[in-house]
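Both ligands and their constituent atoms are indexed starting at 1 by order of listing. All values derive from a computational prediction rather than experimental measurement.
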Amino acid sequence: MNAPPARFAFERPASLAELVARLARLSADGGDYALAAGATDLMPQIKRGVKTPARLISLNGVPELAGVQARADGSHRLGALTRLADLAGDARLRQHYPALCAAAGRVASPPIRQRASLGGNLLVDNRCIHINQSALNRAVHGTCFKAGGETCPLVKSAVRGRLPQCQARFVSDTAPVLLLLDAVLQLVSPRGERQLPLSQFYRDDGMQRHVLASDEVLVAIELPAADGLRIDYDKLTIRRALDFPSLGVALGVRADSGGTLGELSLALTGIGTHPGCWRFAAAAYDNANAMLDAACAAARESATTYQQDFFPRDYRKRMIDVFIRKAAQRLGVAR
Ligand SMILES: Cc1cc2nc3c(=O)[nH]c(=O)nc-3n(C[C@H](O)[C@H](O)[C@H](O)COP(=O)(O)OP(=O)(O)OC[C@H]3O[C@@H](n4cnc5c(N)ncnc54)[C@H](O)[C@@H]3O)c2cc1C
């Protein structure tokens, strides 16, 4: 049962300049606010009392955050407010980045994808069976760092303030594909603008999850031309719809100039506090099967699973190999 949501003020700036000016003013006053795009992740947390912002600032009136631009060189700019349903159904984008469109189409359910944004998906909160419960349930089963407590029910040795303090799982479906595509984030704050590769964005902690400042806005995602990179994305879930990834695997292959496999790349979601990402150059391996073995070993060794999901932790870990090898088969490489 959810508690009635706390009251909050609501604002809807009409331009990026207005938004940034407002953020500067609010941060100087120590403001307690949250930015909302589709609010499909934020609102359930407010309803469960996990987040209690005094003010909600909607991004939906900011035109600079919307729209998709295609450039002649094959690169694209995706506004952070691009809705996942639009992304999944965009025929032009499907030609350039089919796996990104497919991953967007695997998020939640059709009604949620109509509102959910790509920016919000990259920033979706990490999840754990302790924090993602009603306030009543949390009160009965004990607290955790993220709910303001001083212990973690999963990792007894974890200490508040010492990273990684929280083992809540990273769950974005689009992040692994965007990592393989070498996406770059355009970020704007009262201090100005910066471009940050997605590969440098996430941190190894379920609470301090990324390097975005509280007064910083994700404006757009820049994608270079896919340039022959083929990606397969699949996720482990109980149901076909509505479920966050218990494990998500993106596997990428790029041919060299001779047409044989030149690079294998791999990114994971649903396991660990941040998305793992690895690249394997063909020159370092005897053949494609050896590259695939190396990818499975790297992912397996890095993955620490806890009993924090519907699936048993060992099963999720075993499925990493299975998902990587099935993706390789679909991409037509290795055994
Ligand atoms: C039933 C259900 C099932 C779901 N299943 C999945 C799933 O399978 N896979 C998955 O990945 N997600 C899932 N989600 C989570 C969520 O719907 C998606 O991740 C969605 O893409 C979030 O986008 P949003 O625009 O609604 O984000 P919001 O809820 O608006 O925002 C999420 C976070 O990002 C911040 N934020 C958003 N946009 C910006 C911006 N431009 N700049 C700075 N900060 C920003 C917000 O402040 C907030 O902290 C599910 C949610 C529900 C309710």
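Around CG of D286, the count of heavy atoms belonging to other residues, nucleotides or ligands within 6.0 Å does not exceed 12. Heavy atoms of other residues, nucleotides or ligands lying less than 6.0 angstrom from NZ of K326 number 12 at most.
Proximity to L59 (heavy-atom distance under 4.0 Å) selects the following atoms of ligand 1: 38 (N), 39 (C), 40 (C), 41 (N). The atoms of ligand 1 that sit less than 4.0 Å from any heavy atom of L42 are 29 (O). The ligand atoms of ligand 1 that sit less than 4.0 angstrom from a heavy atom of A37 are 25 (O), 30 (O), 37 (C), 38 (N). Every atom of ligand 1 is numbered from 1 in the order shown, and the set under 4.0 Å from a heavy atom of L84 is 21 (O). Each of the following atoms of ligand 1 lies closer than 4.0 Å to a heavy atom of A80: 41 (N). The atoms of ligand 1 that sit less than 4.0 Å from any heavy atom of S172 are 11 (O). Close contacts between ligand 1 and I112 involve ligand atoms 1 (C), 2 (C), 17 (O), 52 (C), 53 (C) [criterion: under 4.0 Å to a heavy atom]. With ligand atoms numbered from 1 in the order given, ligand 1 contributes 24 (P), 25 (O), 26 (O), 30 (O) to contacts under 4.0 Å with heavy atoms of G38.
Under 4.0 Å from ligand 1, the heavy atoms of D243 that appear belong solely to its backbone. Contacts with ligand 1 closer than 4.0 Å are made by no heavy atom of M43, backbone or side chain. For V124, every heavy-atom contact with ligand 1 shorter than 4.0 Å involves the side chain, none the backbone. Heavy atoms of T237 found under 4.0 angstrom from ligand 1: none, in either backbone or side chain. Heavy atoms of V171 found under 4.0 angstrom from ligand 1 belong exclusively to the backbone.
Among L242, N60, L185, D125, the residue whose heavy atom lies nearest to atom 1 (C) of ligand 1 is L242. Heavy-atom proximity to atom 25 (O) of ligand 1, evaluated over G270, S117, G120, is greatest for S117. For atom 19 (O) of ligand 1, the choice among D215, N121, I221 with the nearest heavy atom turns out to be N121.
Taking the ring axis of Y202 as reference, the NZ or CZ atom of R209 does not stay both within 45° of it and closer than 6.0 Å to the ring centre.
Distance from atom 16 (C) of ligand 1 to its nearest protein heavy atom, with residue and atom name: T40 OG1, 3.3 Å. Looking only at heavy atoms of the protein, atom 9 (N) of ligand 1 is closest to D173 OD2, 2.7 Å. Distance from atom 28 (P) of ligand 1 to its nearest protein heavy atom, with residue and atom name: A39 N, 3.4 Å. Regarding atom 36 (N) of ligand 1, its nearest protein heavy-atom neighbour is L123 CD1, 3.7 Å. Of all protein heavy atoms, the one closest to atom 48 (C) of ligand 1 is L35 O, 4.1 Å. Closest to atom 12 (N) of ligand 1, if we only count protein heavy atoms, is F244 CE2, 3.5 Å. Of the protein's non-hydrogen atoms, K51 NZ, 3.9 Å is the one closest to atom 49 (O) of ligand 1.
When every heavy atom of F145 is checked against every heavy atom of R160, the shortest pair comes out as O-NH2, 2.8 Å.
S246 and D309 are linked by a side-chain donor-acceptor pair at a separation below 3.5 angstrom, with hydrogens and angles left out of the test.
Salt-bridge annotation for R71 and D73: absent, with no side-chain N of the basic residue lying under 4.0 Å from a carboxylate O of the acidic one. Ion pairing of D32 with K51 is absent here, as no side-chain N (NZ or NE/NH1/NH2) approaches a carboxylate O to less than 4.0 Å. The pair D243-K235 fails the salt-bridge criterion, with no side-chain N (NZ, NE, NH1 or NH2) lying under 4.0 Å from an Asp/Glu carboxylate O. Using a cut-off of 4.0 Å between Lys/Arg side-chain N and Asp/Glu carboxylate O, R330 and D232 are scored as salt-bridged.
Clustering ILVMFWY residues whenever any of their side-chain heavy atoms sit less than 4.5 angstrom apart, transitively, puts V171 in a cluster other than the one holding L123. L118 and L19 are assigned to two separate hydrophobic clusters, defined by single-linkage of ILVMFWY side chains at heavy-atom distances under 4.5 Å. Both V107 and L180 are members of a single hydrophobic cluster when ILVMFWY side chains are connected at heavy-atom separations under 4.5 Å. Both M319 and I271 are assigned to one and the same hydrophobic cluster, defined by single-linkage of ILVMFWY side chains at heavy-atom distances under 4.5 Å.
Rounded to the nearest 0.5 angstrom, L198 CG and E222 CD are separated by 13.0 Å.
Of the polar atoms of G119, none of the N or O atoms is found under 3.5 Å from an N or O of ligand 1, judged by distance alone. For the pair L218 and ligand 1, the shortest N or O to N or O distance falls below 3.5 Å. At a 3.5 angstrom cut-off on N or O pairs, R115 does not count as close to ligand 1.
When ring centroids are compared, F201 and H210 come within the 6.0 Å threshold.
Heavy atoms of K235 approach ligand 1 to within less than 4.0 angstrom.
Here the options are R25, R191, R22, the test is side chain to side chain donor-acceptor pair (under 3.5 Å), and the partner is D215; only R191 passes.
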